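Below you'll find the structure, written out as structure tokens, and then a few comments.
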2 protein chains.
Amino acid sequence: MPQTSLSSALFTLAQSYRVTVREAINANELGLNALHVRCLHIIAETQHCTANDIVAKTGRDKAQIARLVKELIKLELVSKCADENDKRCLILSFTDQGNALFSRLEVAEQEVDAKLCHGLTDQQVRDFIAIATTMIENINHNTP
Amino acid sequence: MPQTSLSSALFTLAQSYRVTVREAINANELGLNALHVRCLHIIAETQHCTANDIVAKTGRDKAQIARLVKELIKLELVSKCADENDKRCLILSFTDQGNALFSRLEVAEQEVDAKLCHGLTDQQVRDFIAIATTMIENINHNTP
DNA sequence: CCCCAATAGTTGATATAGTCAACTATACGC
DNA sequence: GCGTATAGTTGACTATATCAACTATTGGGG
């Protein structure tokens, strides 16, 4: 069935994406969900990453992030250690296991992305991301 | 912060969208969530709409839809009545209240959409929807 | 130096959303 | 009529998300 409106396209896509990522991830027996994956990405790309950084970048509730991080630590993918200068800050970093898993994860993600972008040109994908980014900014900034 | 990858753009957008719709809807004191809204749209645009139609169009679990519809009925926005030819099918239609609310809803949605699309051309929005639709098809169909 | 507002993180309680499986009632082919 | 498929409902459960209260630390005035 064709999607006509912006809202239904977005909504359907988000739902489908969530399901697909979950399948891909379950298939890879990693035992993680899409938000775990986002956290891992953020930890990977943020030097000196704290829970608060994740909250800021995801826009999620800090309680949710706290529990998520706790799970990652219990899975021994991530470890935390207090910042020397500010002991309130707990810096998150990958364990060896975490690094290994993250590599596998990147492969799995590329597969999902490839599937998602099947039949689309690179330019279309770039445009899509650019427009999505604009929309995100529109939502976040113009909130009068 | 800039969104670079497809997955994070999608994920962030879906999240932001959900929050914004919820705000818009709460602000309008309608007491409905985004899925309620989708259901109302589907009921509006589908002649002879059944719960099953909603399941098909949303891809959600039928249990979830059953409960959602029950809520809409309790709110007296929608009524259901058995099909004469097939009494298993319960056809959903708006009550007068439902019609009135749906009109208000359309206005609220247009505002969200307008905000979302601020600074984008009509062509960009059309392209965006088209690409999103392709992605949805990619996910749903090529599932080998 | 000590108090205090601000910040980082944790936790409990609760709400919302999504999933699975079993069940009822009707319909249709044979 | 009988089995089977279909529409919808329900219960039990899991996962996600949110709110508010709490601890521990920090840095800045007085």
Side-chain angles (χ1 to χ4, degrees), chain A residues 11-12 14-23 25-26 30-39 42-43 46 48-75 78-92, chain B residues 11-12 14-23 25-26 30-39 42-43 46 48-75 78-92:
Chain A
F11 224 75
T12 305
Q15 158 82 355
S16 301
Y17 187 81
R18 207 162 358 103
V19 170
T20 306
V21 168
R22 189 158 55 208
E23 281 168 4
I25 285 172
N26 282 344
L30 305 178
L32 302 173
N33 66 26
L35 235 202
H36 285 123
V37 171
R38 281 203 75 196
C39 285
I42 290 170
I43 293 170
T46 309
H48 195 275
C49 179
T50 68
N52 223 21
D53 290 333
I54 300 181
V55 169
K57 296 200 184 193
T58 58
R60 295 293 212 288
D61 191 84
K62 65 179 180 170
Q64 194 183 1
I65 298 300
R67 286 184 247 263
L68 225 97
V69 167
K70 192 154 62 167
E71 286 167 19
L72 293 176
I73 290 171
K74 193 151 84 183
L75 290 169
V78 164
S79 64
K80 70 179 173 186
C81 128
D83 186 335
E84 295 176 9
N85 306 321
D86 184 344
K87 285 170 195 155
R88 292 170 305 176
C89 295
L90 300 173
I91 298 170
L92 303 171
Chain B
F11 224 76
T12 306
Q15 158 81 353
S16 302
Y17 187 80
R18 209 163 356 104
V19 170
T20 305
V21 168
R22 190 158 53 207
E23 279 168 4
I25 284 172
N26 283 344
L30 304 179
L32 303 173
N33 66 24
L35 235 202
H36 285 122
V37 171
R38 280 203 75 196
C39 284
I42 291 171
I43 293 170
T46 309
H48 193 276
C49 179
T50 68
N52 223 21
D53 290 332
I54 300 180
V55 170
K57 296 199 184 193
T58 58
R60 296 290 210 289
D61 191 85
K62 65 179 180 168
Q64 194 183 0
I65 299 300
R67 286 183 246 263
L68 225 96
V69 168
K70 193 153 61 167
E71 286 167 20
L72 293 177
I73 290 173
K74 192 150 83 182
L75 290 170
V78 164
S79 63
K80 70 179 175 186
C81 127
D83 185 336
E84 295 176 9
N85 306 322
D86 184 345
K87 285 170 194 156
R88 291 171 307 178
C89 297
L90 301 173
I91 298 169
L92 303 170

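Please read all numbers here as calculations on a predicted model, not as lab measurements. Basis for what follows: all heavy atoms, side chains included, without hydrogens, waters or symmetry-related copies. A, B, ... follow the sequence lines: proteins, then strands. Residue 1 opens every chain.
B:K62 is not listed as a side-chain neighbour of B:N52, based on a closest heavy-atom distance of 4.5 Å or more. Counting only heavy atoms from C-beta outward, the side chains of A:C89 and A:T50 approach each other to under 4.5 Å. Between B:L72 and B:C39 the shortest side-chain heavy-atom distance falls below 4.5 Å. Put simply, the side chain of A:I43 does not reach to within 4.5 Å of the side chain of A:V69, judged on heavy atoms. Proximity of A:R38 to B:T12: side-chain heavy atoms (C-beta onward) are separated by under 4.5 Å at one or more points.
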Counting primed atoms plus P, OP1 and OP2 as sugar-phosphate and everything else as base, spell out the protein contacts along nucleotides 11-16 of chain C at 4.0 Å heavy-atom distance: B, S or - for each nucleotide, 5' to 3'.
BBB---
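Nucleic acid contact for B:L35: sugar-phosphate only, since backbone atoms but no base atoms lie under 4.0 Å from a heavy atom of the residue.
Of all the heavy atoms in A:A51 and A:I65, the pair that sits closest is O-CG2, 3.9 Å.
By the side chain to side chain contact (heavy atoms under 4.5 Å, CB included) test, B:Q64 is found to be paired with B:L35, B:R60, B:D61, residues two or more places apart in sequence or in another chain being considered. With sequence neighbours excluded, the residues forming a side chain to side chain contact (heavy atoms under 4.5 Å, CB included) with B:I42 are B:E45, B:T46, B:C49, B:I54, B:K57, B:T58, listed by chain and number.
In terms of phosphate contacts, B:R60 brings a side-chain nitrogen or oxygen within less than 4.0 Å of OP1 or OP2 of C:dG18.
Pairs of residues two or more places apart, or lying in two chains, that qualify as salt bridge (charged side-chain N to carboxylate O under 4.0 Å, His left out) and include a residue from residues 79-88 of chain B are B:D86-B:R88.
For residues 78-87 of chain B, proximity to DNA chain C is found at B:N85, B:D86, B:K87, defined as any non-hydrogen atom under 4.0 angstrom from a strand atom.
Taking the screw axis at each terminus of the helix from C:dC1-D:dG30 to C:dC30-D:dG1 from five consecutive base pairs, the angle between the two is 10° to within rounding of 10 degrees.
The interatomic distance linking A:R88 (CZ) with C:dA5 (P) rounds to 16 Å, in whole Å.
With rounding to the nearest 0.5 Å, the separation of CG in A:L92 from NE2 in A:H48 is 10.5 Å.
Along DNA chain D, read 5' to 3', the first and last nucleotides having any atom under 4.0 Å from a heavy atom of chain A are D:dT16 to D:dT26.
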